[in-house]
Amino acid sequence: MKRYALQNLMTWKKGKKRKPLLVYGARQVGKTWLMEEFGKTNFPDYVIMNIEKNERIANVFNSTLNPQEIVTALEMETRKKITKDTLIILDEIQACPRAITSLKYFCEDLPEYPVIAAGSLLGVSIHQGLSFPVGKVESMYMYPMTFCEFLDALGEKKLCELINSHDFKMINIFKDKIITYLKTYFYVGGMPEVVKNYVENKDFQEVRKIQNRILSDYKQDFSNHIPKDIRPQVTKLWDSIPRQLAKENKKFIYSEIENTKARTKEYEPALEWLKDSGLIYQIMRLSKPALPIKAYQEYNNFKLFMSDIGLLSAKSDLDIRTLLEGSKVFTEFKGAITEQFVLQELISAQNIDIAYWANEAGRAEVDFVIQVNSQVIPLEVKAGINLKAKSLNVYKEKFNPDTLIRTSLADYKKSDNLIDIPLYMVEQISKIYDF
(Lines give C-alpha, C1' and ligand atoms only; values in the text may rest on other atoms or scores of the structure.)
Protein backbone atom coordinates (compact mmCIF):
# COMPACT_ATOMS: atom_id res chain seq x y z
CA MET A 1 0.00 0.00 0.00
CA LYS A 2 1.18 3.48 -0.80
CA ARG A 3 1.48 5.96 2.06
CA TYR A 4 1.98 9.60 1.17
CA ALA A 5 4.08 10.05 4.32
CA LEU A 6 6.89 8.31 2.42
CA GLN A 7 7.37 11.55 0.53
CA ASN A 8 7.89 13.38 3.84
CA LEU A 9 10.56 10.85 4.79
CA MET A 10 12.32 11.32 1.46
CA THR A 11 12.34 15.07 2.06
CA TRP A 12 13.83 14.46 5.50
CA LYS A 13 16.54 12.20 4.03
CA LYS A 14 17.63 14.91 1.58
CA GLY A 15 17.81 17.62 4.23
CA LYS A 16 21.21 19.31 4.41
CA LYS A 17 21.08 19.61 8.21
CA ARG A 18 19.16 16.42 8.87
CA LYS A 19 18.57 15.48 12.49
CA PRO A 20 17.21 12.23 13.97
CA LEU A 21 13.49 11.94 13.20
CA LEU A 22 10.77 11.11 15.72
CA VAL A 23 7.59 9.62 14.22
CA TYR A 24 4.49 10.07 16.38
CA GLY A 25 1.13 8.40 15.95
CA ALA A 26 -1.44 6.12 17.56
CA ARG A 27 -0.82 2.40 17.76
CA GLN A 28 -1.37 0.48 14.51
CA VAL A 29 -1.50 3.46 12.13
CA GLY A 30 1.41 2.00 10.18
CA LYS A 31 4.53 3.61 11.65
CA THR A 32 6.65 0.44 11.67
CA TRP A 33 5.63 -0.53 8.14
CA LEU A 34 6.38 2.98 6.89
CA MET A 35 9.86 3.07 8.41
CA GLU A 36 10.74 -0.39 7.07
CA GLU A 37 9.38 0.41 3.62
CA PHE A 38 11.42 3.60 3.63
CA GLY A 39 14.53 1.62 4.59
CA LYS A 40 13.92 -0.97 1.85
CA THR A 41 13.29 1.53 -0.94
CA ASN A 42 15.64 4.40 -0.13
CA PHE A 43 18.75 2.92 1.51
CA PRO A 44 21.26 0.19 0.62
CA ASP A 45 20.40 -1.40 3.98
CA TYR A 46 18.56 -0.76 7.24
CA VAL A 47 18.39 -2.17 10.76
CA ILE A 48 15.30 -2.11 12.95
CA MET A 49 15.20 -2.64 16.68
CA ASN A 50 12.06 -2.81 18.85
CA ILE A 51 13.37 -1.48 22.16
CA GLU A 52 10.25 -2.56 24.04
CA LYS A 53 10.85 -6.19 23.06
CA ASN A 54 14.65 -6.26 23.30
CA GLU A 55 15.77 -5.88 26.90
CA ARG A 56 19.43 -6.31 25.97
CA ILE A 57 19.41 -3.25 23.71
CA ALA A 58 17.40 -1.28 26.27
CA ASN A 59 20.17 -2.01 28.77
CA VAL A 60 22.75 -0.72 26.29
CA PHE A 61 20.99 2.66 26.23
CA ASN A 62 20.77 2.60 30.03
CA SER A 63 24.52 2.07 30.30
CA THR A 64 25.78 4.47 27.61
CA LEU A 65 24.69 7.47 25.56
CA ASN A 66 27.71 7.28 23.28
CA PRO A 67 26.24 6.85 19.78
CA GLN A 68 29.26 4.93 18.45
CA GLU A 69 28.96 2.40 21.27
CA ILE A 70 25.22 2.14 20.58
CA VAL A 71 25.90 1.53 16.87
CA THR A 72 28.38 -1.22 17.79
CA ALA A 73 25.78 -2.87 20.04
CA LEU A 74 23.18 -2.70 17.26
CA GLU A 75 25.66 -4.30 14.87
CA MET A 76 26.18 -7.20 17.25
CA GLU A 77 22.47 -7.64 17.89
CA THR A 78 21.42 -7.47 14.22
CA ARG A 79 24.58 -9.11 12.81
CA LYS A 80 24.82 -6.34 10.24
CA LYS A 81 27.48 -3.75 9.48
CA ILE A 82 26.09 -0.25 10.07
CA THR A 83 27.48 2.65 8.05
CA LYS A 84 26.32 6.16 7.27
CA ASP A 85 24.33 4.62 4.41
CA THR A 86 22.37 2.35 6.79
CA LEU A 87 19.02 3.55 8.10
CA ILE A 88 18.80 2.96 11.85
CA ILE A 89 15.19 2.41 13.03
CA LEU A 90 14.42 2.45 16.75
CA ASP A 91 10.85 1.29 17.29
CA GLU A 92 8.82 1.71 20.51
CA ILE A 93 11.53 4.05 21.73
CA GLN A 94 9.37 5.34 24.56
CA ALA A 95 10.05 2.06 26.40
CA CYS A 96 13.54 3.36 27.23
CA PRO A 97 13.70 7.11 28.05
CA ARG A 98 17.50 7.16 27.69
CA ALA A 99 17.12 5.94 24.12
CA ILE A 100 15.24 9.16 23.38
CA THR A 101 17.96 11.14 25.16
CA SER A 102 20.58 9.40 22.99
CA LEU A 103 19.15 11.06 19.88
CA LYS A 104 20.77 14.29 21.06
CA TYR A 105 24.19 12.67 20.80
CA PHE A 106 23.45 11.08 17.43
CA CYS A 107 22.63 14.61 16.25
CA GLU A 108 25.80 16.11 17.71
CA ASP A 109 28.38 13.32 17.28
CA LEU A 110 27.15 11.15 14.38
CA PRO A 111 24.94 13.47 12.28
CA GLU A 112 25.80 11.55 9.11
CA TYR A 113 24.01 8.44 10.44
CA PRO A 114 20.28 8.50 9.52
CA VAL A 115 18.14 7.62 12.56
CA ILE A 116 14.35 7.31 12.76
CA ALA A 117 12.58 6.54 16.02
CA ALA A 118 8.91 5.90 16.70
CA GLY A 119 6.58 4.85 19.46
CA SER A 120 2.86 4.43 19.85
CA LEU A 121 2.93 6.05 23.29
CA LEU A 122 5.76 8.44 22.54
CA GLY A 123 3.61 11.50 23.16
CA VAL A 124 2.51 10.14 26.55
CA SER A 125 6.11 9.51 27.62
CA ILE A 126 7.31 12.95 26.59
CA HIS A 127 4.49 14.73 28.39
CA GLN A 128 5.15 12.79 31.57
CA GLY A 129 8.31 14.78 32.25
CA LEU A 130 10.78 12.87 30.10
CA SER A 131 14.03 14.71 29.36
CA PHE A 132 13.56 15.60 25.70
CA PRO A 133 16.38 16.52 23.28
CA VAL A 134 14.93 19.89 22.31
CA GLY A 135 16.37 21.26 19.08
CA LYS A 136 18.21 18.00 18.35
CA VAL A 137 15.42 16.07 16.60
CA GLU A 138 12.84 16.57 13.89
CA SER A 139 9.31 15.23 14.15
CA MET A 140 6.56 13.86 11.93
CA TYR A 141 3.04 12.74 12.78
CA MET A 142 1.56 9.59 11.26
CA TYR A 143 -2.19 9.43 10.65
CA PRO A 144 -4.58 6.71 9.46
CA MET A 145 -4.87 6.35 5.70
CA THR A 146 -6.74 9.18 4.00
CA PHE A 147 -9.59 8.64 1.55
CA CYS A 148 -7.19 9.09 -1.37
CA GLU A 149 -4.75 6.56 0.09
CA PHE A 150 -7.72 4.22 0.50
CA LEU A 151 -8.61 4.64 -3.18
CA ASP A 152 -5.00 4.01 -4.14
CA ALA A 153 -4.95 0.80 -2.09
CA LEU A 154 -8.06 -0.37 -3.93
CA GLY A 155 -6.33 0.10 -7.27
CA GLU A 156 -8.21 3.31 -8.02
CA LYS A 157 -5.17 5.53 -8.43
CA LYS A 158 -6.78 7.24 -11.43
CA LEU A 159 -9.79 8.27 -9.34
CA CYS A 160 -7.43 9.74 -6.77
CA GLU A 161 -5.57 11.62 -9.51
CA LEU A 162 -8.91 12.87 -10.83
CA ILE A 163 -9.86 14.26 -7.42
CA ASN A 164 -6.46 15.94 -7.16
CA SER A 165 -6.79 17.42 -10.68
CA HIS A 166 -9.74 19.66 -9.72
CA ASP A 167 -11.26 18.90 -13.14
CA PHE A 168 -14.77 19.38 -11.81
CA LYS A 169 -16.50 18.54 -15.08
CA MET A 170 -14.84 15.12 -15.21
CA ILE A 171 -15.22 14.65 -11.44
CA ASN A 172 -19.00 15.12 -11.78
CA ILE A 173 -19.12 12.34 -14.37
CA PHE A 174 -17.49 9.88 -11.93
CA LYS A 175 -18.93 11.25 -8.68
CA ASP A 176 -21.35 8.35 -8.12
CA LYS A 177 -18.44 5.92 -8.19
CA ILE A 178 -16.40 8.15 -5.86
CA ILE A 179 -19.31 8.47 -3.41
CA THR A 180 -19.77 4.69 -3.36
CA TYR A 181 -16.13 4.34 -2.31
CA LEU A 182 -16.56 7.16 0.20
CA LYS A 183 -19.43 5.28 1.88
CA THR A 184 -17.20 2.22 2.08
CA TYR A 185 -14.40 4.30 3.62
CA PHE A 186 -16.82 5.56 6.28
CA TYR A 187 -17.19 1.93 7.39
CA VAL A 188 -13.68 0.58 6.73
CA GLY A 189 -11.70 3.66 7.76
CA GLY A 190 -7.96 4.14 7.42
CA MET A 191 -6.24 1.69 9.77
CA PRO A 192 -3.74 -0.06 7.45
CA GLU A 193 -4.42 -3.61 8.66
CA VAL A 194 -8.14 -3.11 8.16
CA VAL A 195 -7.70 -1.59 4.71
CA LYS A 196 -5.33 -4.38 3.65
CA ASN A 197 -7.84 -7.02 4.72
CA TYR A 198 -10.70 -5.28 2.92
CA VAL A 199 -8.65 -4.91 -0.27
CA GLU A 200 -7.83 -8.62 -0.23
CA ASN A 201 -11.17 -10.07 0.90
CA LYS A 202 -13.93 -7.45 0.50
CA ASP A 203 -15.47 -8.92 3.66
CA PHE A 204 -17.15 -6.34 5.90
CA GLN A 205 -17.56 -8.83 8.74
CA GLU A 206 -13.81 -9.41 8.76
CA VAL A 207 -13.31 -5.64 8.70
CA ARG A 208 -15.43 -5.27 11.82
CA LYS A 209 -13.62 -8.11 13.61
CA ILE A 210 -10.25 -6.46 13.03
CA GLN A 211 -11.55 -3.04 14.10
CA ASN A 212 -12.98 -4.51 17.30
CA ARG A 213 -9.69 -6.26 17.97
CA ILE A 214 -7.82 -2.96 17.55
CA LEU A 215 -10.25 -1.30 19.97
CA SER A 216 -9.65 -4.19 22.38
CA ASP A 217 -5.88 -3.69 22.02
CA TYR A 218 -6.33 -0.05 22.93
CA LYS A 219 -8.24 -1.07 26.05
CA GLN A 220 -5.36 -3.43 26.89
CA ASP A 221 -2.99 -0.46 26.60
CA PHE A 222 -5.14 1.29 29.19
CA SER A 223 -4.51 -1.60 31.58
CA ASN A 224 -0.79 -1.89 30.83
CA HIS A 225 0.36 1.71 30.56
CA ILE A 226 -2.01 4.02 32.44
CA PRO A 227 -1.48 4.81 36.12
CA LYS A 228 -4.07 3.00 38.21
CA ASP A 229 -5.48 6.18 39.68
CA ILE A 230 -6.74 7.47 36.31
CA ARG A 231 -7.44 4.15 34.54
CA PRO A 232 -11.21 4.12 35.25
CA GLN A 233 -11.58 7.74 34.07
CA VAL A 234 -9.72 7.02 30.80
CA THR A 235 -11.99 4.07 30.05
CA LYS A 236 -15.19 5.95 30.83
CA LEU A 237 -14.17 9.03 28.85
CA TRP A 238 -13.09 6.90 25.87
CA ASP A 239 -16.38 4.96 25.90
CA SER A 240 -18.47 8.13 26.05
CA ILE A 241 -17.12 9.71 22.84
CA PRO A 242 -19.57 8.13 20.33
CA ARG A 243 -22.50 8.93 22.59
CA GLN A 244 -21.48 12.56 22.98
CA LEU A 245 -20.91 12.96 19.22
CA ALA A 246 -24.41 11.62 18.59
CA LYS A 247 -25.92 14.64 20.36
CA GLU A 248 -27.34 17.57 18.43
CA ASN A 249 -24.87 19.76 20.28
CA LYS A 250 -21.63 17.79 20.08
CA LYS A 251 -19.88 19.75 22.81
CA PHE A 252 -18.19 17.32 25.19
CA ILE A 253 -19.68 17.49 28.68
CA TYR A 254 -17.93 15.74 31.55
CA SER A 255 -21.15 15.23 33.51
CA GLU A 256 -22.52 13.13 30.65
CA ILE A 257 -19.67 10.62 30.80
CA GLU A 258 -21.49 8.46 33.30
CA ASN A 259 -24.67 10.44 33.91
CA THR A 260 -23.28 11.78 37.17
CA LYS A 261 -21.82 15.09 38.24
CA ALA A 262 -18.33 14.24 37.05
CA ARG A 263 -15.78 16.90 37.90
CA THR A 264 -13.51 18.42 35.28
CA LYS A 265 -10.38 17.99 37.39
CA GLU A 266 -11.20 14.32 37.83
CA TYR A 267 -11.12 13.69 34.07
CA GLU A 268 -8.50 16.14 32.79
CA PRO A 269 -5.55 13.71 33.26
CA ALA A 270 -7.53 11.04 31.38
CA LEU A 271 -8.22 13.48 28.54
CA GLU A 272 -4.53 14.39 28.28
CA TRP A 273 -3.48 10.73 28.21
CA LEU A 274 -5.85 9.93 25.34
CA LYS A 275 -4.69 12.99 23.41
CA ASP A 276 -1.00 12.24 23.95
CA SER A 277 -1.49 8.64 22.84
CA GLY A 278 -2.98 9.89 19.56
CA LEU A 279 -6.33 8.17 20.11
CA ILE A 280 -8.48 11.31 20.16
CA TYR A 281 -8.58 14.82 18.74
CA GLN A 282 -9.76 17.76 20.83
CA ILE A 283 -11.32 20.64 18.88
CA MET A 284 -11.82 23.86 20.86
CA ARG A 285 -14.54 26.45 20.54
CA LEU A 286 -13.48 29.93 19.44
CA SER A 287 -14.47 32.99 21.42
CA LYS A 288 -14.12 34.88 18.15
CA PRO A 289 -12.69 33.99 14.72
CA ALA A 290 -9.54 36.10 14.73
CA LEU A 291 -5.86 35.52 13.97
CA PRO A 292 -4.25 33.43 15.27
CA ILE A 293 -7.17 31.18 16.13
CA LYS A 294 -5.11 29.37 18.78
CA ALA A 295 -5.16 32.57 20.83
CA TYR A 296 -8.96 32.59 20.92
CA GLN A 297 -9.68 28.99 21.87
CA GLU A 298 -11.81 28.32 24.94
CA TYR A 299 -10.24 25.36 26.68
CA ASN A 300 -13.36 24.55 28.69
CA ASN A 301 -15.53 24.24 25.56
CA PHE A 302 -14.58 21.52 23.10
CA LYS A 303 -15.58 18.52 21.00
CA LEU A 304 -13.79 15.17 21.02
CA PHE A 305 -13.32 12.93 17.99
CA MET A 306 -11.58 9.59 17.54
CA SER A 307 -8.43 9.09 15.48
CA ASP A 308 -10.08 6.96 12.79
CA ILE A 309 -13.50 7.00 11.18
CA GLY A 310 -13.61 3.22 10.85
CA LEU A 311 -12.92 2.76 14.56
CA LEU A 312 -15.66 5.30 15.35
CA SER A 313 -18.03 3.33 13.11
CA ALA A 314 -17.11 0.13 14.95
CA LYS A 315 -17.35 1.68 18.40
CA SER A 316 -20.75 3.11 17.42
CA ASP A 317 -21.93 -0.30 16.14
CA LEU A 318 -22.72 1.14 12.72
CA ASP A 319 -24.63 -1.60 10.88
CA ILE A 320 -23.32 -2.70 7.48
CA ARG A 321 -26.84 -2.27 6.06
CA THR A 322 -26.42 1.46 6.54
CA LEU A 323 -23.96 1.42 3.64
CA LEU A 324 -26.63 0.01 1.36
CA GLU A 325 -29.39 2.49 2.19
CA GLY A 326 -28.71 5.44 -0.09
CA SER A 327 -26.90 8.22 1.74
CA LYS A 328 -27.94 7.16 5.21
CA VAL A 329 -24.35 6.59 6.33
CA PHE A 330 -23.66 10.32 5.99
CA THR A 331 -26.50 11.30 8.32
CA GLU A 332 -26.12 8.62 10.99
CA PHE A 333 -25.56 9.86 14.55
CA LYS A 334 -26.68 13.35 13.50
CA GLY A 335 -23.86 13.60 10.98
CA ALA A 336 -21.14 12.82 13.54
CA ILE A 337 -19.38 10.32 11.28
CA THR A 338 -19.33 12.85 8.44
CA GLU A 339 -17.80 15.43 10.78
CA GLN A 340 -15.23 12.83 11.85
CA PHE A 341 -14.32 12.30 8.19
CA VAL A 342 -13.90 16.01 7.49
CA LEU A 343 -11.74 16.47 10.57
CA GLN A 344 -9.47 13.54 9.63
CA GLU A 345 -8.97 14.87 6.12
CA LEU A 346 -8.22 18.37 7.41
CA ILE A 347 -5.71 17.08 9.97
CA SER A 348 -3.94 14.89 7.42
CA ALA A 349 -3.59 17.92 5.11
CA GLN A 350 -1.41 19.52 7.86
CA ASN A 351 -0.57 23.20 8.30
CA ILE A 352 -4.24 23.86 9.03
CA ASP A 353 -5.28 24.99 12.51
CA ILE A 354 -8.78 23.80 13.41
CA ALA A 355 -11.42 24.96 15.88
CA TYR A 356 -15.21 25.45 15.86
CA TRP A 357 -17.58 28.29 16.60
CA ALA A 358 -20.89 28.50 18.45
CA ASN A 359 -22.82 31.53 19.65
CA GLU A 360 -23.49 32.08 23.33
CA ALA A 361 -27.08 30.90 23.06
CA GLY A 362 -25.89 27.65 21.54
CA ARG A 363 -28.44 27.89 18.75
CA ALA A 364 -25.90 28.41 15.98
CA GLU A 365 -22.75 26.35 15.48
CA VAL A 366 -20.27 26.22 12.62
CA ASP A 367 -18.73 22.76 12.62
CA PHE A 368 -15.17 23.91 11.97
CA VAL A 369 -13.27 27.16 11.65
CA ILE A 370 -9.90 26.71 9.98
CA GLN A 371 -6.84 28.87 9.68
CA VAL A 372 -4.87 28.51 6.47
CA ASN A 373 -1.97 30.94 6.27
CA SER A 374 -3.52 34.32 7.08
CA GLN A 375 -7.14 33.36 6.41
CA VAL A 376 -9.76 32.36 9.00
CA ILE A 377 -12.51 30.44 7.22
CA PRO A 378 -15.75 28.93 8.54
CA LEU A 379 -16.44 25.41 7.28
CA GLU A 380 -19.96 24.01 7.51
CA VAL A 381 -20.36 20.24 7.16
CA LYS A 382 -23.60 19.01 5.60
CA ALA A 383 -24.25 15.30 5.92
CA GLY A 384 -26.36 15.02 2.76
CA ILE A 385 -27.43 17.26 -0.10
CA ASN A 386 -29.62 19.56 1.98
CA LEU A 387 -27.59 22.76 1.78
CA LYS A 388 -29.56 24.93 4.20
CA ALA A 389 -26.93 26.44 6.46
CA LYS A 390 -28.59 28.60 9.10
CA SER A 391 -25.56 28.62 11.39
CA LEU A 392 -23.28 29.65 8.54
CA ASN A 393 -25.60 32.56 7.82
CA VAL A 394 -25.55 33.62 11.47
CA TYR A 395 -21.75 33.52 11.37
CA LYS A 396 -21.72 35.51 8.12
CA GLU A 397 -23.94 38.25 9.51
CA LYS A 398 -21.91 38.51 12.72
CA PHE A 399 -18.35 38.40 11.34
CA ASN A 400 -18.61 39.20 7.61
CA PRO A 401 -15.87 36.75 6.52
CA ASP A 402 -14.13 37.04 3.16
CA THR A 403 -14.71 33.35 2.44
CA LEU A 404 -17.17 30.71 3.60
CA ILE A 405 -16.92 27.01 2.78
CA ARG A 406 -19.64 24.40 2.82
CA THR A 407 -18.90 20.74 2.22
CA SER A 408 -21.50 18.12 1.31
CA LEU A 409 -22.37 15.56 -1.34
CA ALA A 410 -23.27 18.41 -3.70
CA ASP A 411 -21.05 19.39 -6.61
CA TYR A 412 -18.35 22.04 -6.50
CA LYS A 413 -19.74 25.54 -6.84
CA LYS A 414 -18.51 29.05 -6.13
CA SER A 415 -21.05 31.80 -5.58
CA ASP A 416 -19.82 35.19 -4.37
CA ASN A 417 -17.76 34.34 -1.27
CA LEU A 418 -19.39 30.95 -0.62
CA ILE A 419 -17.59 27.87 -1.92
CA ASP A 420 -19.26 24.45 -2.03
CA ILE A 421 -16.70 21.64 -1.91
CA PRO A 422 -17.65 17.95 -2.27
CA LEU A 423 -16.92 15.87 0.83
CA TYR A 424 -14.55 13.64 -1.07
CA MET A 425 -12.36 16.66 -1.91
CA VAL A 426 -11.93 18.03 1.62
CA GLU A 427 -8.27 16.99 1.74
CA GLN A 428 -7.73 19.35 -1.20
CA ILE A 429 -9.36 22.29 0.54
CA SER A 430 -6.33 24.59 0.63
CA LYS A 431 -5.60 23.90 -3.06
CA ILE A 432 -9.10 24.25 -4.47
CA TYR A 433 -9.20 27.88 -3.44
CA ASP A 434 -6.04 29.95 -3.54
CA PHE A 435 -5.86 31.22 0.04
Side-chain angles (χ1 to χ4, degrees), residues 166 168 171-172 245 247-253 281-305 330-331 334-336 338-435:
H166 309 161
F168 297 108
I171 287 170
N172 289 343
L245 283 175
K247 301 182 300 182
E248 193 69 45
N249 178 353
K250 295 176 176 58
K251 174 184 173 183
F252 193 88
I253 299 174
Y281 301 129
Q282 183 182 31
I283 305 301
M284 309 289 190
R285 175 185 159 186
L286 287 179
S287 56
K288 68 175 182 177
L291 288 169
I293 64 173
K294 285 183 177 178
Y296 297 93
Q297 294 179 357
E298 299 177 344
Y299 289 91
N300 59 337
N301 292 302
F302 56 86
K303 297 187 284 188
L304 294 182
F305 294 87
F330 299 105
T331 57
K334 294 183 171 60
T338 303
E339 277 193 47
Q340 169 78 40
F341 169 75
V342 171
L343 176 64
Q344 270 186 246
E345 296 289 288
L346 289 174
I347 288 175
S348 67
Q350 302 183 36
N351 299 318
I352 296 178
D353 289 328
I354 309 167
Y356 80 100
W357 175 83
N359 64 6
E360 291 300 325
R363 295 173 182 170
E365 179 181 309
V366 175
D367 301 299
F368 300 109
V369 178
I370 61 176
Q371 179 182 330
V372 183
N373 299 325
S374 59
Q375 290 275 357
V376 177
I377 303 145
L379 171 59
E380 182 82 349
V381 178
K382 307 303 291 184
I385 57 174
N386 178 3
L387 300 186
K388 292 182 180 179
K390 294 180 180 179
S391 294
L392 200 59
N393 288 331
V394 171
Y395 183 101
K396 180 179 179 180
E397 292 177 6
K398 185 175 180 65
F399 300 111
N400 192 31
D402 293 332
T403 303
L404 303 98
I405 294 178
R406 182 171 54 195
T407 184
S408 68
L409 293 178
D411 298 340
Y412 172 84
K413 181 182 178 182
K414 186 175 181 181
S415 178
D416 296 325
N417 65 340
L418 174 63
I419 304 173
D420 280 295
I421 295 177
L423 279 169
Y424 47 82
M425 298 189 73
V426 166
E427 190 185 10
Q428 294 286 310
I429 201 163
S430 61
K431 300 175 184 175
I432 292 174
Y433 182 80
D434 184 13
F435 293 120

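Note that the numbering runs from 1 along the sequence shown for the chain.
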Trainee: Heavy atoms only: give me the nearest Val426-Ile421 pair and the separation to one decimal.
Mentor: N-CG2, 4.5 Å
Trainee: Should the ring pair Phe168 and Tyr412 be called parallel, tilted or perpendicular, given that the plane angle runs from 0 to 90° and is split at 30 and 60?
Mentor: parallel
Trainee: Under the side chain to side chain contact (heavy atoms under 4.5 Å, CB included) criterion, do Ile283 and Leu343 qualify, and how do the steps go?
Mentor: CA-CA 9 Å; Ile283 305 301; Leu343 176 64; 3.6 Å; yes
Trainee: Can you tell me how far CG of Asn400 sits from CG of Asp402, rounded to the nearest 0.5 angstrom?
Mentor: 7.5 Å
Trainee: Charged N to carboxylate O under 4.0 angstrom, Lys250 versus Glu365?
Mentor: no
Trainee: Just verifying a value: how many Å separate Glu397 CD and Leu392 CG, rounded to the nearest 0.5 Å?
Mentor: 10.5 Å
Trainee: Looking at every heavy atom in both Ile370 and Ile429, which two are closest together, and how far apart are they?
Mentor: CD1-CD1, 4.2 Å
Trainee: To check you understand the geometry: which heavy-atom pair defines the closest contact between Leu291 and Ser374, and what is its length?
Mentor: CD1-O, 3.3 Å
Trainee: Identify the heavy atoms of Tyr299 and Lys294 that sit nearest to each other, and give their distance.
Mentor: OH-O, 4.0 Å
Trainee: Do the side chains of Ile352 and Gln371 get nearer than 4.5 Å, heavy atoms only?
Mentor: no
Trainee: If you define the side chain from C-beta out and look only at heavy atoms, does anything of Arg363 sit under 4.5 Å from Val394?
Mentor: no
Trainee: Salt-bridged, Arg285 to Glu360, with N to O below 4.0 Å?
Mentor: yes
Trainee: Would you sort out whether Met284 and Tyr296 count as a side chain to side chain contact (heavy atoms under 4.5 Å, CB included), showing the intermediate values?
Mentor: CA-CA 9 Å; Met284 309 289 190; Tyr296 297 93; over 6 Å; no
Trainee: Once the angle between the rings of Phe252 and Phe302 is folded into 0 to 90°, is it parallel (under 30°), tilted (30 to 60°) or perpendicular (over 60°)?
Mentor: parallel
Trainee: Stepwise, does the side chain to side chain contact (heavy atoms under 4.5 Å, CB included) test hold for Leu409 with Leu423?
Mentor: CA-CA 6 Å; Leu409 293 178; Leu423 279 169; 3.9 Å; yes
Trainee: With a 4.5 Å heavy-atom cut-off, do Val369 and Val376 have their side chains touching?
Mentor: yes
Trainee: Using every non-hydrogen atom in the two residues, find where Pro378 and Val366 come nearest and quote the distance to one decimal.
Mentor: CB-CG1, 3.9 Å
Trainee: Ignoring hydrogens, what is the shortest heavy-atom contact between Asn301 and Tyr356? Give both atom names and the distance.
Mentor: C-OH, 4.1 Å
Trainee: Would you please test Met425 and Ile171 for side chain to side chain contact (heavy atoms under 4.5 Å, CB included) and show each step?
Mentor: CA-CA 10 Å; Met425 298 189 73; Ile171 287 170; 3.8 Å; yes
Trainee: Give a yes or no on this: more than 12 heavy atoms of other residues, nucleotides or ligands lie within 6.0 Å of atom NZ of Lys396.
Mentor: no
Trainee: With Asp420 as reference, evaluate Lys413, Lys382, Arg406 under the salt bridge (charged side-chain N to carboxylate O under 4.0 Å, His left out) test and give the passing residue.
Mentor: Arg406
Trainee: To the nearest 0.5 angstrom, please state how far the CD1 atom of Ile354 sits from the CD1 atom of Ile347.
Mentor: 4.5 Å
Trainee: Has Asn417 got a side-chain atom pairing as donor or acceptor with Pro401's backbone, closer than 3.5 angstrom?
Mentor: yes
